[in-house]
Amino acid sequence: MATERYNPRETEPRWQSYWSDKKIFETDNDDPREKYYVLEMFPYPSGRIHMGHVRNYTMGDVVARFKRAKGFNVLHPMGWDAFGMPAENAAMQNNTHPKAWTYENIATMRDQLKSMGLSLDWSREFATCDVDYYHRQQMLFLDFLDKDLVYRKESKVNWDPVDQTVLANEQVIDGCGWRSGAPVEQRNLTQWFFKITDFSQDLLDELDNLDGWPEKVRLMQRNWIGRSEGLRIHFEFADAASVESETLEVFTTRPDTLYGASFMAVAAEHPLALKAAETNPELAAFIDECRKLGTSVAALETAEKKGIATGFKVKHPLVEGEELPIYVANFILMDYGTGAIFGCPAHDQRDLDFARTYGLPVKPVVLPKGEDAASFEIDTTANTDDGVLFNSEFLDGLSIDEAKDAVADKLENITVGGVAQGMRQVNFRLRDWGISRQRYWGCPIPVVHCDDCGVVPVKATDLPIELPDDINFDKPGNPLDRHPTWRAVACPSCGKPAKRETDTMDTFVDSSWYFARFTDPKADTPTTPQVASDWLPVDQYIGGIEHAILHLLYSRFFARAMGVAGHLNADEPFKGLFTQGMVTHETYKADDGKWISPAELRFEEEGGSRKAYLLDGGSEVKIGGIEKMSKSKRNTVDPTDILETYGADTARWFMLSDTPPERDLEWTAAGADGAFRFVQRIYRLFAEFKSQGLDPNAAIPATLDGQALELRKLAHKTVSLIEQDIEKLGFNRAVARVYELVNLMAKVKLNDKSDDAIKAVFAEALSYLAILINPMIPHLAEECWIMLGNETSLSNTDWPQFDPALLVENEILMPVQINGKKRAELTIPADADQKSIEDAVMKLDAVQNALNGGTPKKLIIVPKRIINVVV
RNA sequence: GCCCCCUUGGUGAAAUUGGUAAACACAGCGGACUUAAAAUCCGUAGCCUUCGGGCUUGCCAGUUCAAGUCUGGCAGGGGGCACCA
């Protein structure tokens, strides 16, 4: 029978308008139903959506639509992470305005997203570059300032001398600016910092409770926060007269190795180093060199452990008369611990390298198992393994942990200069978050610099501080700095002429609280606290693994800081987190080494292998590896092309099929064709039913058998299974289950002679099928639903209730193993007792033959699973 | 250097969490329909085999009646952090 083909180009826009006109996906904050907040990481408006977006937003949409059908009040918003450097770069290259460029991109991408048929509440949409949004971000900043969660300090930054701007670490490539290519300098600038370290312990502890997060991400955050327990030790100066303070303070996680100490080392920026440099030109030059070298990866890998003696010495706290020389060393970081260490070369590789270079003593104090105390020596590898203390007086014979405690106990009870010489301390790797950026296209930091009053916050009533539109990018640097009038302002405190802060906030600030703003995006305050607290945490957050640390950690900090400032009451921003894999594609390379886009090629099957030829000219190109879609490798596929050729449902179906969502998904043309064919196949199933004039609401007889029973059981089972799959985000499994149901339905050939039972069961299966596929391919589902004679939208239709009785099997086919190998099968009633199963097993030929007249050593019957006869 | 993850047919994968390995799909092969093609439908399909069966989840051991799943070791691939004292 000929049926018309499904035409997504006509159908999809029609349903999109329907959903939009009826405001179906707009969410009411006062809805009494249980809430469910599903969110995908909002996009940066770079210009066009890419396949990664399609995958991300499809997954979120499946969850949103499913939860809607399950009766939740679902919040599923969308917005734009719209501040950032690309807009400024575009402005410089194309002579456009960052604002115009950004909003144009948003318009394009909004249309693209809308053509995907996502169940988004567009009424809550905002961009972080909307004055309305960054106004509230400035309010947050002032509140944080008030709550002592923001401060200013001088710190080292990556400075690009050509572009005259600070660069983030990620923007420094091999020690050079990513745009200018100029060697990056370390500069000291006064920057604003958020006190994320106030929450170090809590951010670490609460990871244990985030059981809806991937273990991998939790681990990455644990490592990033980097908690270590140790001892802070005051070393008394041997010649106290020469320095101002009486002690040099260090942090160590290995106080057990104190008897192995042979030198002290301080960072180049350490006050003691600067003090010593005053009278030591050689040292001053060395400090300068350290500063220039910076801390780039490349520099670190090649840099040798170098240092210069300060001439100062400290007394060993436990060895009478022993003195340790103090060096300034290039491998000591000023911003970890106290910026000073004691060096124990035998048990720390860096210390060992340093000691070998400068001929310092290397005295082992931990003896590894199986080594002899008399002969154990350290050569070029420091010993960091477990062992027993020796050469260490009162510590001898103790384990490392015992010795750590023993040293801590001892030093805590010695006072030097009025304080305990040792103090147990916890140290974190996590640093405060520097948010100042010397850029135009970001949220202005709402403070004023007054010659008399210093740094003065802008009055809340004077907010927002808006970015000026009349700027130019004809020179590098921050255009706000050279704006003719914008900077000039009266001091909020004394009223005298003062200057605005021209730094803007890191764009990560913008994305650290947008999920809270979505709960009440038009509020005059950053949030309406009660509303935000009701919606948060986000139940399911979905995005890329690349944000495992920064964005997700910053957001966790913001949830806490906003809690302190009274803007919301939620321990964590994201209850469930899912990190999806990338979208990849084959790569193609011409003989001259140039990457070729798949759109420029045709493919042929030759002798079992695929070959690729240029459409233009026909020469063969090499098929290369499968890699992340990227412009540089030219292996991208534009979602717009796919949406126009195949429709949104096909793209969505492809994204969900086959590959588990956390893994990388390879986009292939063949796969897209396959997805399209399946969309058509489902349509035909419904169209043929309709064309036969069958009753979609026929009553199902009380008793069924044969194919009707089989189909009805599978339909109900599929409802149950897909429900579980979607709950666990196992979209690929859900897709496989749809195929199974459709395959069975396709086997049922309905015609005039079909009995009423199968017709009725088929009709029920069709209506279930429409609901089941709705979260995944909603346009087709709606269309099919209408073909069944329904008048309401599937978007307002509940998930079906499966009948549990239909999931129970009366008879079970159990495999029978003999000595662990499958040798027979046995069909047993589900309620068979142990004895009758045993009897049946013993009667089997295979079992009789194996036993050869004897009795089994063991008979294992796992109910409803398996039988194993051990002979 | 430290920490973590992954490895199943030609390919993407599934496996009720220790219980019939390979569901489902893609690609393939055979067939039907067609003047032909597309589309569609039916069938087939891990490997070896002397047709009895044997082997099979990167490799080697172990635990168990039973291992893709648990334990130990090895190999390959990927990721995170990285002078963090």
Side-chain angles (χ1 to χ4, degrees), chain A residues 1-3 5 214-217 219-224 226-228 230-231 250-255 257 265 267 295 297 299-301 303-305 329-333 335-344 347-351 353-354 381 384 427-431 545 548-549 605 608-610 654 657-660 663-666 668 670-675 677-678 680-681 684 721 724 730 732-743 746-747 749 813-825 856-871:
Chain A
M1 170 164 324
T3 46
R5 273 163 74 88
E215 187 50 45
K216 181 190 168 89
V217 175
L219 192 72
M220 281 163 76
Q221 291 212 354
R222 270 187 207 110
N223 291 339
W224 185 265
R227 182 183 196 273
S228 54
L231 195 67
V250 307
F251 174 75
T252 178
T253 55
R254 292 295 303 275
T257 63
T295 49
V297 177
L300 291 180
E301 266 169 13
E304 276 178 48
K305 304 283 172 281
N330 63 354
F331 63 99
I332 309 300
L333 302 173
D335 52 2
Y336 184 80
T338 63
I341 61 144
F342 78 76
C344 176
H347 303 290
D348 183 290
Q349 191 60 47
R350 291 157 305 176
D351 296 351
D353 294 345
F354 189 81
T381 309
T384 51
N427 237 303
F428 293 93
R429 211 189 69 103
L430 183 67
R431 307 291 154 78
I545 185 80
I549 297 172
E605 219 39 73
S609 69
R610 262 173 81 249
F654 183 102
S657 304
D658 296 340
T659 303
R663 288 193 214 169
D664 289 352
L665 169 111
E666 188 196 352
T668 62
D673 284 337
R677 278 200 300 275
F678 187 68
Q680 293 292 348
R681 195 172 164 212
R684 269 198 311 277
L721 289 174
Q724 294 169 35
N732 56 319
R733 291 195 299 269
V735 162
R737 261 137 209 169
V738 171
Y739 275 108
E740 270 177 293
L741 180 60
V742 168
N743 286 347
K747 269 192 199 149
K749 302 283 183 207
L813 182 71
M814 289 180 72
V816 179
Q817 295 183 330
I818 293 168
N819 289 337
K821 304 240 181 234
K822 190 187 153 196
R823 282 296 124 93
E825 282 176 343
K857 272 194 210 142
K858 220 170 183 179
L859 181 58
I860 290 142
I861 298 171
V862 184
K864 295 175 187 176
R865 289 281 156 76
I866 203 165
I867 295 157
N868 193 5
V869 186
V870 186
V871 295

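The chains referred to below are lettered A, B, ... by the order of the sequence lines, with proteins before strands, and numbering in each begins at 1. The model shown is predicted, which means the values in this text are computed figures rather than measured ones.
- Following rounding to the nearest Å, L813(A) (CG) and A23(B) (P) show an atom-to-atom distance of 16 Å.
- An OP1 or OP2 oxygen of C65(B) is reached within less than 4.0 angstrom by a side-chain nitrogen or oxygen of K858(A).
- The shortest non-hydrogen separation linking A329(A) to F354(A) is CB-CE1, 3.8 Å.
- For the OP1/OP2 pair of C24(B) and a distance below 4.0 Å, the side-chain nitrogens and oxygens of R733(A) include no atom meeting the criterion.
- Regarding contacts with the backbone of G54(B), a side-chain N or O of R823(A) is found under 4.0 angstrom from either OP1 or OP2.
- For the pair N427(A) (side chain) and F251(A) (backbone), a donor-acceptor distance under 3.5 Å is absent.
- Residue N868(A) places a side-chain atom within donor-acceptor reach of the base of C65(B), judged by atom type and a 3.5 Å distance cut-off alone.
- When both distances must be under 3.5 Å, the Watson-Crick or G-U wobble mate of G18(B) does not exist.
- Residue L721(A) contributes atom CG, which lies 13 Å from atom C1' of C24(B) at whole-angstrom precision.
- For the P atom pair drawn from A75(B) and C48(B), the interatomic distance equals 31 Å after rounding to whole Å.
- Look at N732(A) and you won't find any side-chain N or O under 4.0 angstrom from OP1 or OP2 of A25(B).
- Comparing G19(B), G80(B), A13(B) by their nearest atom to the side chain of T659(A) picks out A13(B).
- Across all strands shown, R663(A) has heavy atoms under 4.0 Å from sugar-phosphate atoms exclusively, and none from any base.
- Across all strands shown, C83(B) has no partner, as no Watson-Crick or G-U wobble contact with both distances under 3.5 Å is found.
- Comparing A21(B) with A37(B), their P atoms are spaced 42 Å from each other, to the whole Å.
- When the nucleotides C83(B), A82(B), A14(B) are ranked by their closest atom to the side chain of F331(A), C83(B) comes out on top.
- Residue V862(A) has its side chain nearest to G19(B) when only A25(B), C83(B), G19(B) are considered.
- Distances from the side chain of W224(A) to the nucleotides A39(B), U40(B), A82(B) place A82(B) closest.
- Taking 4.0 angstrom as the limit, R681(A) places a side-chain polar atom (N or O) nearer than this to OP1 or OP2 of C41(B).
- The R677(A) side chain lies nearest to A27(B) when the options are A27(B), A13(B), U17(B).
- Counted by atom type alone, R737(A) and N732(A) present zero donor-acceptor pairs between their side chains at under 3.5 Å.
- The pair D348(A)-R254(A) fails the salt-bridge criterion, with no side-chain N (NZ, NE, NH1 or NH2) lying under 4.0 Å from an Asp/Glu carboxylate O.
- For C65(B), its base never sits under 3.5 Å from the side chain of K857(A) at any donor and acceptor pair.
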